[in-house]
Structures are given as C-alpha cells and as structure tokens.
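Below is a structure I'd like to ask you about.
These figures come from a predicted structure and were not determined experimentally.
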Amino acid sequence: MTSKYAIILAAGQGTRMKSKLYKVLHPVCGKPMVDHVLTEIEKNNMDEIVTVVGHGAEMVEKTLGDRTKYALQAEQLGTGHAVLQAEKLLGDKDGMTLIACGDTPLFTAKTFEELFEYHKSKGAVATVLTAHAENPFGYGRIIRNEIGIVEKIVEQKDATAEEAAVKEINTGVYCFDNKELFAALHQIKNDNAQGEYYLPDVMEIFQKQGKVVAAYQMKNFEESMGVNDRIALSNATKVMRRRINENLMRQGVTLIDPDTTYIDIDVKVGSDTVIEPGVQLKGKTEIGADCYIGAHSEIIDSVIEDGVKVTSSYIEDAIMHKNSNIGPYSHLRPKAEIGENAHIGNFVEVKKATIGKNTKVGHLTYVGDATLGRDINVGCGTVFVNYDGINKHHTTVGDYSFIGSASNIIAPVNIADHAYVAAGSTITDDIDAHDMGIARGRQVNKKGYFDRYPVAEAARIAEEKAKEE
Ligand code: UD1
Ligand code: CA
C-alpha cells in the first residue's frame with residue numbers, strides 16, 4: 001500500500017474577510033472551515049496530516065488539537081512557500097501527498113478518494129483537482145495544450161485576457177508524489193504579480209521535466225468553492241446547510257421548509273421528528289425521534305429526547321427527557337433538566353434546575369438553582385428567589401407538592417414531599433411533609449372605599465358612555 005499524507009494550508013490572515021478572526025477559523029454551519037477540511041481528509045485513513053499555520057497559529061492549533069501535526073510558516077510568502085514548511089516533517093517519505101486549503105470547506109472525503117485513485121491510475125507525479133466554473137474570477141486557470149495536457153496554472157492576477165477566459169479552474173486541491181513535490185518546490189520563483197511563491201507553479205516545472213502531470217475535473221463546482229470574503233462565506237454556508245438538511249430528510253426527518261431551517265453539522269435528529277421553519281439547531285445538540293420543534297425555536301448544545309414538543313422556545317445547554325414539552329416562548333438556560341412528561345408552559349425561565357417527572361410549571365415563572373421532584377404543580381407567576389446580590393442559593397421541592405400561584409420561594413429553603421404553599425405566599429422557612437405554608441397578609445374589606453378614589457370618577461364616565469351605545 002502506498003502511504004498517504006496530507007498538507008492543509010492555513011497560515012493566511014484572510015485580509016479580504018475584514019475580520020479579527022483568522023479566515024480558516026470562520027465557522028460554516030457550526031464548524032470552523034479548516035476543521036471541515038481536516039474532518040473529510042481524516043476519513044481517508046491518512047498516514048500523516050500536517051497543517052501549515054502562521055497567522056493565528058495558536059488558535060488554529062487549539063481548534064484542531066492533536067488530530068494533525070503542525071508546521072509554522074512565520075511569513076506568508078505564498079502557497080508554495082507554505083507547503084515547503086512541511087518539508088522537515090514529510091520531505092524524506094515515500095508516498096502520495098494530498099494538499100488542500102483551509103478555506104475550501106465543502107470538499108468531501110469521496111472527492112479526495114477519487115483524486116487519489118485518478119492520480120494512481122494515471123501514474124502521475126502531480127494531479128490537480130479542477131472544476132468548471134461559470135464565473136472563474138479569482139481562481140487559478142488551468143491552461144492545457146492542444147492535446148489536453150495541463151501545461152501550467154495561471155493566477156487571476158497574472159492571466160492574459162485569453163487565459164482569463166478559461167473556465168476550468170484550480171480548486172486548490174492536488175495530489176503529488178511526495179518526494180517529487182518537495183524537489184520541485186525548491187525551484188519555484190516569485191516573479192509574478194503578487195511576488196509570491198505559488199504552489200501551482202510546480203505543475204509547469206514537472207511538465208517541462210517531461211513528467212506525467214494530470215488533471216481530474218470534478219463534476220460539481222459548488223464543492224470546490226473557496227472562501228475569501230464574507231459573500232463567499234454565506235454562499236458556502238448555504239451549500240453546506242442544504243447538504244445537512246437533505247441528509248436529515250433522507251434519514252426520515254420532516255423539514256417543513258429546508259430553505260429556512262438552520263442546522264449545524266454535528267447535530268443529530270431522530271426519525272419522524274418534524275421541524276418547522278426558522279428553527280436553529282446548533283452545536284452538539286441531539287434531538288430524538290418523534291419530536292416536534294416549532295417555528296423559530298433555537299436549541300444550542302442540548303439533548304432533546306424522543307417525543308418532546310418544543311414550541312417557539314430558546315434552549316441552551318439543557319436536557320429535556322422524553323415526552324416533555326415546552327413553550328411557546330420559554331427559556332431553558334444552562335443545566336436545566338426537564339423530567340419525563342413534564343410540562344413547561346409559556347414565559348417560563350429555568351436555570352440550573354431539575355424538574356421531576358410529570359411536574360408542571362405552566363406560566364410566567366422563574367425556576368433557578370432548584371431541585372423539583374415529580375408530579376408537582378407550580379402555579380402561575382411563581383419566583384424561586386435564588387440570589388441575594390452576592391451568592392446563589394438552592395431550593396428543593398419534594399414529590400407531589402403544590403405551589404400556589406404568585407408565590408416567592410426565598411432560597412435556601414426545603415419544601416418536603418406532599419407539601420402545600422398557599423397562593424401569594426412569600427416562603428422563607430422550610431415546610432414539612434403534608435403541611436401547608438401560608439405567608440401573606442390577611443384580607444380586610446373596607447366598606448364603601450371604592451367611591452373615595454379617582455377610579456370611581458373613571459367608572460362614572462365609562463357608565464355614561466355605555467348608556468350612549
Ligand atoms: C489559491 C490558488 C488558486 C486556486 C484557489 C482555490 C495559489 C497561488 N492560488 O488562490 O490557483 O484557484 O486557491 O481556492 O495557490 N496560505 C498559506 N500561506 C501563504 C499563502 C496562503 O498558508 O503564504 C493558505 C491560506 O491560508 C489559504 C490557502 O493557502 O487557506 C489559499 O490561499 P489564498 O490566498 O486564499 O489563495 P487564493 O487566492 O484563493
Ligand atoms: Ca482562497
């Protein structure tokens with residue numbers, strides 16, 4: 001078996017992005033571009049992968065970790081110079097080397113595999129992956145001779161009008177005989193429009209040496225899209241999004257409107273789940289089977305088990321166990337855990353709290369830093385008062401308890417199983433099992449007081465009007 005190496009070029013600043021963030025770290029559907037490239041390369045069982053880093057080296061290394069080795073390109077003198085930085089790590093090895101750029105996030109493992117196969121079948125020292133572009137602007141052009149053999153690759157800025165009219169472009173992906181590659185790299189010059197050492201120039205060097213140079217034209221230009229600015233970034237994201245959505249639909253997920261459904265690459269969704277328009281599923285979110293995710297919900301890094309119903313809600317770093325439901329318009333914040341079959345209604349915020357099985361928190365309630373047991377009813381407008389201005393305090397509510405509406409539960413406090421909080425109470429002390437806590441002023445009715453206040457005059461005017469109707 002021929003050994004397989006890969007070099008990913010990721011040292012550029014990405015000036016055209018106009019960004020503080022290094023270009024290759026810009027995410028496409030939740031994953032940095034360079035990570036997409038690495039992930040697809042890894043699927044080809046490579047013997048070694050080297051990423052060339054420069055601008056933002058530390059951040060790129062932190063992002064990709066030990067999945068790849070690194071070569072530092074201290075000064076960005078061009079793509080050819082960038083590859084040369086990997087010579088110390090790879091230069092003396094026998095085998096084939098795949099080169100890809102960190103700013104082409106749409107390539108698939110399958111295309112890389114096809115390139116390796118084509119390269120081997122042609123017995124070439126160098127094979128460039130090309131594509132037909134309706135608008136080739138900005139890409140290197142593939143210049144072939146009369147019999148179709150690649151003579152050289154010409155950059156946009158160096159192209160004559162005739163060369164610029166060529167629509168076959170360099171995708172920036174190549175396969176080389178490893179040792180031949182490094183030998184040729186020492187011969188390239190920087191006498192071009194950008195004063196850079198161009199990697200594509202090795203093609204002409206091989207050609208002149210009479211070595212076999214090949215070009216493999218892929219069918220799908222879209223996949224080769226390079227991202228140099230924010231417009232291309234949005235175009236690439238659109239392509240990736242459609243790919244993700246179509247994959248999910250093939251696996252049995254219903255997307256009511258895939259064009260307006262935004263799902264990150266690492267999100268998982270079970271079959272027969274229905275996702276409405278405007279939904280965003282981000283990060284490491286996992287959605288089970290038979291769920292309903294209602295319009296404009298946003299779910300980040302959360303686990304949603306089978307049969308859950310989410311109606312227009314915002315969920316981050318939380319868990320919803322099976323058959324529970326939430327919304328419309330509620331918010332699960334980090335470390336919220338909603339029990340099986342539990343109900344979180346509208347305008348409810350839950351933070352760092354566990355809600356037990358079958359428990360209902362129906363309306364206008366804040367639950368923070370609390371552990372609620374099973375089959376509890378929490379009335380409308382309840383506030384778990386958890387913060388004293390410096391520290392957060394914890395509350396527990398036992399199974400089968402009842403919290404009356406508009407109660408304030410001032411933490412730290414323990415409410416036992418089968419306990420009762422009377423509506424409108426401000427609870428500061430523990431309540432034992434089967435007891436009721438009531439903490440509010442007694443009602444006093446004052447005879448005729450209505451007529452003493454301005455409301456009486458307002459009522460009189462309204463009654464006059466009512467008579468005229
Ligand atoms: C490059 C190709 C072009 C091809 C296009 C495909 C060259 C000279 N041109 O152009 O033929 O059509 O990609 O998308 O190769 N980089 C470094 N060090 C450097 C310069 C660049 O690591 O000194 C990295 C960048 O971070 C980037 C990649 O190489 O990931 C490509 O560089 P970029 O400047 O984007 O090249 P293009 O102009 O797109
Ligand atoms: Ca580019």
Side-chain angles (χ1 to χ4, degrees), residues 311-314 325-333 336 342-353 355-356 358-469:
T311 309
S312 301
S313 290
Y314 185 93
N325 65 77
I326 185 168
Y329 317 120
S330 281
H331 185 182
L332 298 185
R333 288 172 52 202
H343 165 67
I344 307 294
N346 50 168
F347 303 105
V348 174
E349 175 179 337
V350 181
K351 186 219 77 170
K352 205 175 177 188
I355 310 283
N358 300 338
T359 287
K360 294 185 176 65
V361 186
H363 338 262
L364 302 154
T365 288
Y366 173 63
V367 187
D369 299 283
T371 307
L372 274 59
R374 61 173 296 171
D375 290 284
I376 295 167
N377 188 82
V378 177
C380 174
T382 296
V383 177
F384 285 73
V385 183
N386 60 333
Y387 186 47
D388 61 14
I390 294 178
N391 294 307
K392 301 281 167 65
H393 301 280
H394 191 264
T395 296
T396 34
V397 181
D399 299 340
Y400 310 103
S401 289
F402 183 93
I403 312 287
S405 292
S407 296
N408 295 307
I409 315 292
I410 301 188
V413 75
N414 292 310
I415 296 170
D417 294 349
H418 300 275
Y420 193 108
V421 170
S425 291
T426 294
I427 298 297
T428 51
D429 298 327
D430 292 356
I431 305 173
D432 292 336
H434 298 279
D435 289 356
M436 177 178 82
I438 179 163
R440 52 165 132 104
R442 270 215 164 271
Q443 181 172 333
V444 182
N445 292 347
K446 307 251 183 184
K447 224 150 181 82
Y449 264 49
F450 181 88
D451 301 312
R452 291 190 180 190
Y453 295 101
V455 293
E457 176 61 7
R460 195 191 59 72
I461 294 165
E463 279 177 312
E464 285 295 310
K465 272 198 180 158
K467 272 183 214 151
E468 287 164 17
E469 280 165 10

Quiz item: If you round to the nearest 0.5 Å, how far is CD1 of Ile344 from CD1 of Ile326?
Solution: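 Rounded to the nearest 0.5 Å, the CD1-CD1 separation comes to 6.0 Å.
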Quiz item: At what distance, to the nearest 0.5 angstrom, does NZ of Lys352 lie from NE2 of His394?
Solution: 8.5 Å
Self-check item: Result of checking Leu372, Asp430, Ile403, Asp429 against Ile415 for side-chain contact (heavy atoms from CB on, under 4.5 Å)
Solution: Ile403
Quiz item: At what distance, to the nearest 0.5 angstrom, does CZ of Phe384 lie from CD1 of Ile410?
Solution: 12.0 Å
Quiz item: What's the spacing between Ile376 CD1 and Ser401 OG if we round to 0.5 Å?
Solution: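 Going from CD1 on Ile376 over to OG on Ser401, the span is 5.5 Å.
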Quiz item: Quick one: which of Val361, Val367, Thr365 gives a side-chain contact (heavy atoms from CB on, under 4.5 Å) with Thr382?
Solution: Thr365
Practice problem: Quick one: closest heavy-atom pair of Asp388 and His393, and the distance? | Solution: OD2-NE2, 2.8 Å
Exercise. Just do the side chain to side chain contact (heavy atoms under 4.5 Å, CB included) check on Lys446 and Arg452 with the steps written out, would you?
Key: CA-CA 11 Å; Lys446 307 251 183 184; Arg452 291 190 180 190; over 6 Å; no
Practice problem: Apply the test side chain to side chain donor-acceptor pair (under 3.5 Å) to residues Asp369 and Tyr387: give CA-CA distance (whole Å), side-chain angles for both, the deciding distance (0.1 Å), then the verdict. | Solution: CA-CA 9 Å; Asp369 299 283; Tyr387 186 47; over 6 Å; no
Quiz item: Yes or no on side chain to side chain contact (heavy atoms under 4.5 Å, CB included) for His363 and Asn346, after CA distance, side-chain angles and deciding distance?
Solution: CA-CA 5 Å; His363 338 262; Asn346 50 168; 3.9 Å; yes
Exercise. Would you check if the side chain of Asp417 reaches a backbone N or O of Asp399 as a donor-acceptor pair within less than 3.5 Å?
Key: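 Looks like yes, one N/O pair under 3.5 Å.
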Self-check item: salt bridge (Lys or Arg N to Asp or Glu O under 4.0 Å) assessment of Arg460 paired with Glu463
Solution: CA-CA 5 Å; Arg460 195 191 59 72; Glu463 279 177 312; over 6 Å; no
Exercise. Start with the C-alpha distance between Tyr366 and Lys351, add both sets of side-chain angles, then the distance that settles side chain to side chain contact (heavy atoms under 4.5 Å, CB included), and finish with yes or no.
Key: CA-CA 8 Å; Tyr366 173 63; Lys351 186 219 77 170; 4.1 Å; yes
Quiz prompt | Backbone of Pro328 reached by a side-chain donor or acceptor of Thr311 within 3.5 Å | solution = no
Quiz item: Aromatic rings His434 and His418: how do their planes relate, parallel, tilted or perpendicular, breaks at 30° and 60°?
Solution: parallel
Self-check item: Distance in Å, Phe347 CZ paired with Cys380 SG, rounded so as to fall on 0.5 Å steps
Solution: 11.0 Å
Quiz item: Between Thr359 and Asp375, is there a donor-acceptor pair closer than 3.5 Å when you use the side chain of the first and the backbone of the second?
Solution: yes
Exercise. Measure the CG-CD1 distance between Asn414 and Ile409 for me, rounded to the nearest 0.5 Å.
Key: 11.5 Å
Quiz item: So, does Arg333 use its side chain to make a donor-acceptor pair with the main chain of Glu349 at under 3.5 Å?
Solution: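 No, Arg333 side chain to Glu349 backbone: no donor-acceptor pair under 3.5 Å.
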Exercise. Could you tell me whether the side chain of Thr395 and the main chain of Asn386 form a donor-acceptor pair under 3.5 Å?
Key: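 Pair absent, no side-chain N/O of Thr395 close to backbone of Asn386.
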